[in-house]
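Just so it is clear: chains get the letters A, B, ... in the order the sequence lines come, proteins before strands, and each one is counted from 1.
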Amino acid sequence: MTDLAAEGSGLDPVRRQKLADLREAGRDPFAHERFEVTHHAAKIVAEFEALDGQTVSAAGRITSVRVQGKVAFLDITDTTGRIQLYARRDEVGDDLFDDIKHHTDLGDILGVSGFVFRTQRGEISIHVREWTLLAKSLRPLPFGKEYETDSGEEKHAGGLKDPEMRYRQRSVDLLVNRDSRERLLGRMKIVRAMRDYLDTHDYLEVETPVLQAMAGGAAARPFLTHHNALDTELHLRISLELYLKRLIIGGLDRVYEIGRVFRNEGMSTRHNPEFTLMEVYAAYANLDDMMALVEGMFRHICRALHGQENFSFQGQEIDLAPSFTRLPILEGIRLNAGVAPEELTTLELAHAVLTRLGLPTENEPTVGGIIEKLHEKFTQPTLIQPTFITEFPAETSPLAKKMPGNPALTRRFEIYMAGAELGNAFSEINDPIDQRERFAAQSDLRAGGDAEAHPMDEDFLRAMEYGMPPTGGFGGGVDRLAIILTDAPSIRDVILFPLLRPERG
RNA sequence: GGGUUGGUAGCUCAAUGGUAGAGCAUCUUACUUUUAAUGAGAGGGUUCCGGGUUCGAGUCCCGGCCGGCCCA
């Protein structure tokens, strides 16, 4: 059995020896397949009055051990919380008690049964009768210690702080850092609330292809891959839009998808190369209906997470209860950059504006692109409370209906909160001739070297040519919404396994 | 991609260019209601990797690897 304690495996030799000893004594922890849990930790605490003296069984990780002579106190933590165990040598026998002293470690997974009682110090506990080690932890887990200082201040010693290890080894982070766990669970709650809201409003959840011959519906560079059997290049989707609209054309009047999309771009505290997008489409609805949908859905999600319609992000109070502000993009630029809409009518004038403001003019071949740039630079940081920015330029909105009476602008909005863009909506183009012209304009940009310009999608156009009802659509980033609603410093804190450069070796 | 900052014991962190330390964790031991248990003792290091400067490098220089933050 000495090979089990061998060096060089990266495993703790002391723990390997303990495992070897347990196996030799016929108590191999890894031999167990299941364990009947009758009560979780939180339930035992919550229902103590009824359970006092009753026999329960529970399972979890050992998170603290305090042996005191011939008695031992341990804490196990399960998915609901922590419960204390109490064991006496004269009751459990020498073998088991010596296991507690010599063969168990923090992080081991334990199943116990015993009766519920309260210690002299008042802590609700399980008085151990039976004890089964269900798995041995062969690497030390960095459990910290929480305690109160003399002044009553809550402190934390040790633990896991290294961000690289928290993201790379999320299993450990989840076990050790309560706040990581809570925040990630909060994200799941957000997704569930989103589904609740859409389901109860008669939207049908669908699934559309991730592998696509052509990646459209957004301005972004796709990931490329290759299908061997068809011997063809495929793209990973960058949005959900065009397939969901095909379903609208197909007579599914209210559809949505919550799905992973992939954009081959930089990474930051706001960007992960794969992220979760929610898109929803409603036939016979317009932009204003989408605003109502977003307001209602955001409030519903906030209530599900926080129990109220306001919350704080990085110290700023954000209130979703009042009707969301509406601000045309050009009006925002006038207010925040001091640039009049008339100065943004031709490329020449718009370039002059950039020069006046000390901004570079190269790589800005369209007035629409310049308007969006000015908006991002001057208006966006001011948008703390929820705000709909409306009337985006047609040049940067190849899938949105034009404004009646002003073909340079579109029936489109973006929703902003806490200075971040959280979603994008249009009254969708349903005129296939208009749509073909927009794609053609994008193709010109693409030919000019803009890798993010929208490709000509003949298959989608053909579908639209059969007739598409007037439709409102909204798409929003789930991760970004989670960042803001859970007050996270980085997108990596709301994604279970964020992308990191692979470890070598 | 650029700037900046970091990588030291299992974890959290120290260490003027001069013997690599502490707390928690670990091991031994005492202790029959503890809870940051406590007392006594012990072990634990490729200072991210590779070069260079120096009598001497965790520390300074160059290159690389992997992160954080800011910017594009």
Side-chain angles (χ1 to χ4, degrees), chain A residues 5 7-18 21 45 62-77 82-92 94 97-98 100-108 114-128 137-169 172-173 175-177 221 264-271 314 359-360 362-364 373 376-377 381 488-493 498-505:
Chain A
E7 301 270 341
S9 62
L11 303 184
D12 183 337
V14 174
R15 291 181 180 221
R16 295 197 70 153
Q17 187 58 53
K18 290 175 178 177
D21 291 346
V45 173
I62 300 173
T63 46
S64 174
V65 179
R66 304 173 294 280
V67 178
Q68 193 177 1
K70 294 183 175 58
V71 301
F73 297 87
L74 299 88
D75 295 340
I76 59 171
T77 302
R82 186 185 66 86
I83 186 78
Q84 178 171 269
L85 310 179
Y86 171 65
R88 305 169 56 114
R89 182 184 279 274
D90 60 7
E91 291 175 349
V92 299
D94 288 342
F97 202 83
D98 285 338
I100 295 171
K101 285 185 73 168
H102 298 297
H103 295 126
T104 63
D105 292 288
L106 297 189
D108 288 357
F115 64 86
V116 176
F117 80 115
R118 199 192 278 273
T119 64
Q120 286 180 5
R121 292 294 181 106
E123 176 146 354
I124 294 165
S125 307
I126 300 174
H127 193 129
V128 174
S137 171
L138 294 174
R139 286 182 191 268
L141 281 162
F143 290 115
K145 285 202 166 184
E146 285 164 28
Y147 59 94
E148 281 186 17
T149 59
D150 297 339
S151 56
E153 188 188 359
E154 291 216 351
K155 283 235 176 186
H156 197 89
L160 175 57
K161 290 187 177 173
D162 178 17
E164 182 172 0
M165 189 164 161
R166 285 187 48 230
Y167 299 142
R168 239 183 245 291
Q169 300 192 48
V172 177
D173 183 40
L175 284 171
V176 160
N177 289 322
R221 306 173 82 120
N264 205 340
E265 296 169 347
M267 298 160 65
S268 75
T269 51
R270 294 277 130 119
H271 300 84
Q314 307 293 305
L359 298 170
E362 59 268 25
N363 302 323
E364 296 297 348
K373 170 146 287 184
E376 284 167 23
K377 188 153 181 64
S490 167
I491 195 171
R492 298 182 196 97
D493 297 306
L499 183 68
L500 296 179
R501 196 180 287 275
E503 289 179 286
R504 295 188 315 159

task = Decide if atom CZ of A:Arg221 counts as having more than 12 heavy atoms of other residues, nucleotides or ligands within a radius under 6.0 Å.
result = no
query = Given A:Met267, which of A:Leu500, A:Ile491, A:Leu499 fulfils the side chain to side chain contact (heavy atoms under 4.5 Å, CB included) condition?
reply = A:Leu499
note = A:Arg16 CZ to B:C27 P, in whole Å, measures 17 Å
ask   = A:Pro140: what forms a side chain to side chain contact (heavy atoms under 4.5 Å, CB included) with it, not counting sequence neighbours?
value = A:Asp12, A:Arg15
task = Could you measure between the two P atoms, the one in B:C60 and the one in B:A14, and give it in whole Å?
result = 15 Å
query = When you compare B:U4 with B:U47, how far apart are their P atoms, in angstrom units rounded to a whole number?
reply = 27 Å
message = Please give the distance between the P atoms of B:A9 and B:C71 as a whole number of Å.
response = 32 Å
Write down the protein N/O and nucleotide N/O pairs, taken from nucleotides 37-44 of chain B, whose separation is under 3.5 Å; answer none if there are no such pairs.
residue : atom : partner  : partner atom : Å
B:A37   : OP1  : A:Lys145 : NZ           : 2.4
B:A37   : N6   : A:Val67  : O            : 3.1

query = If you measure from the C1' atom in B:A40 to the same atom in B:G17, how many Å do you get, rounded?
reply = 39 Å
query = P atom, B:U59 versus B:U54: distance in rounded Å?
reply = 16 Å
inquiry  = Counting C-beta onward and ignoring hydrogens, is there a side-chain heavy-atom pair between A:Lys70 and A:Asp90 closer than 4.5 Å?
reply    = no
request  = For A:Lys70 and B:A30, give me the distance from atom NZ to atom C1', rounded to whole Å.
outcome  = 10 Å
inquiry  = Quick test of your reading: applying salt bridge (Lys or Arg N to Asp or Glu O under 4.0 Å), list the pairs with at least one residue in residues 118-128 of chain A, sequence neighbours left out, ordered by first then second residue.
reply    = A:Arg82-A:Glu123
message = A:Thr269: which residues meet the side chain to side chain contact (heavy atoms under 4.5 Å, CB included) condition with it, sequence neighbours left out?
response = A:Ser490
Whole angstrom value for the distance that separates P of B:C66 from CG of A:Leu499 = 12 Å
inquiry  = For a quick test of reading the model: is some side-chain N or O of A:Arg168 closer than 4.0 Å to OP1 or OP2 of B:G67?
reply    = yes
query = For atom P, what is the distance between B:A20 and B:G45, given to the nearest Å?
reply = 13 Å
key: d(NZ, A:Lys161; C1', B:U12) in whole Å   = 6 Å
Polar atom pairs (N or O), protein with nucleotides 45-49 of chain B, under 3.5 Å:
none

task = Round to the nearest Å and state the distance from A:Met165 atom CE to B:G67 atom P.
result = 15 Å
query = Base, sugar-phosphate, or nothing for A:His127, non-hydrogen atoms under 4.0 angstrom?
reply = nothing
query = Can you list, by residue number, the residues of residues 117-124 of chain A that have a non-hydrogen atom closer than 4.0 angstrom to RNA chain B?
reply = A:Phe117, A:Thr119, A:Gln120, A:Arg121, A:Glu123
Side chain to side chain contact (heavy atoms under 4.5 Å, CB included) against A:Pro360, all qualifying residues, sequence neighbours excluded = A:Glu362
inquiry  = Taking only the C1' atom of each, what is the distance from B:U34 to B:A22 in whole angstrom?
reply    = 26 Å
query = Between A:Arg82 and A:Pro140, which has a closest nucleotide on RNA chain B that is more 5'?
reply = A:Pro140
message = What is the separation between atom CZ on A:Arg166 and atom P on B:U12, rounded to the nearest whole Å?
response = 11 Å
ask   = Who passes ring-ring contact (aromatic ring centres under 6.0 Å, His included) against A:Phe97, sequence neighbours left out?
value = none
query = Nearest 0.5 Å, what's the CG-CD distance between A:Leu359 and A:Glu364?
reply = 9.0 Å
message = Does the structure show a Watson-Crick or G-U wobble partner for B:G6, both distances under 3.5 Å? Name it, or say none.
response = B:C66
key: Pair assignment for B:A22, Watson-Crick or G-U wobble, requiring both distances under 3.5 Å   = B:U12
request  = Ignoring backbone atoms, establish whether A:Arg501 has a side-chain N or O less than 4.0 Å from OP1 or OP2 of B:G67.
outcome  = yes
task = Report which part of the nucleic acid A:Arg89 touches: base, sugar-phosphate, or nothing (heavy-atom distance under 4.0 Å, all strands).
result = nothing
query = Who pairs with A:His127 by ring-ring contact (aromatic ring centres under 6.0 Å, His included), at least two apart in sequence or on another chain?
reply = A:Tyr86, A:Phe115, A:Phe117
task = Please state how far atom CG in A:Leu74 lies from atom C1' in B:U32, giving the value in whole angstrom units.
result = 15 Å
query = Under a 3.5 Å cut-off for both distances, is B:U54 Watson-Crick or wobble paired, and to whom?
reply = none
ask   = Going from CD on A:Gln17 to NE2 on A:His103, what distance comes out if it is rounded to the nearest 0.5 angstrom?
value = 8.5 Å
query = Atom CZ of A:Phe97 to atom P of B:C31: distance rounded to whole Å?
reply = 11 Å
key: A:Asp98: side chain to side chain donor-acceptor pair (under 3.5 Å) partners, not counting sequence neighbours   = A:Arg89
ask   = Is there side-chain contact between A:Asp173 and A:Met165, with heavy atoms separated by less than 4.5 Å?
value = no
Just the atom pairs and distances: protein N or O near nucleotides 68-72 of chain B's N or O, under 3.5 Å.
residue : atom : partner  : partner atom : Å
B:G68   : OP1  : A:Arg492 : NE           : 3.2
B:G68   : OP1  : A:Arg492 : NH1          : 3.3
B:C69   : OP2  : A:Arg492 : NH1          : 2.9

request  = Can you sort out the partners of A:Ile62 under side chain to side chain contact (heavy atoms under 4.5 Å, CB included), two or more places apart, ordered by chain and number?
outcome  = A:Val65, A:Leu74, A:Ile76, A:Thr104, A:Leu106, A:Asp108, A:Leu110
inquiry  = If I pick the P atom on B:C66 and the same atom on B:C27, what distance separates them, to the nearest angstrom?
reply    = 36 Å
ask   = In Å and rounded to the nearest 0.5 Å, what is the CD to OG1 distance from A:Gln84 to A:Thr119?
value = 6.0 Å
inquiry  = A:Leu160 vs A:Phe143, test: side chain to side chain contact (heavy atoms under 4.5 Å, CB included). Steps then yes/no.
reply    = CA-CA 8 Å; A:Leu160 175 57; A:Phe143 290 115; over 6 Å; no
request  = Report the nucleotide, chosen from B:U33, B:U12, B:U26, that has the shortest atom-to-atom distance to any side-chain atom of A:Phe73.
outcome  = B:U33
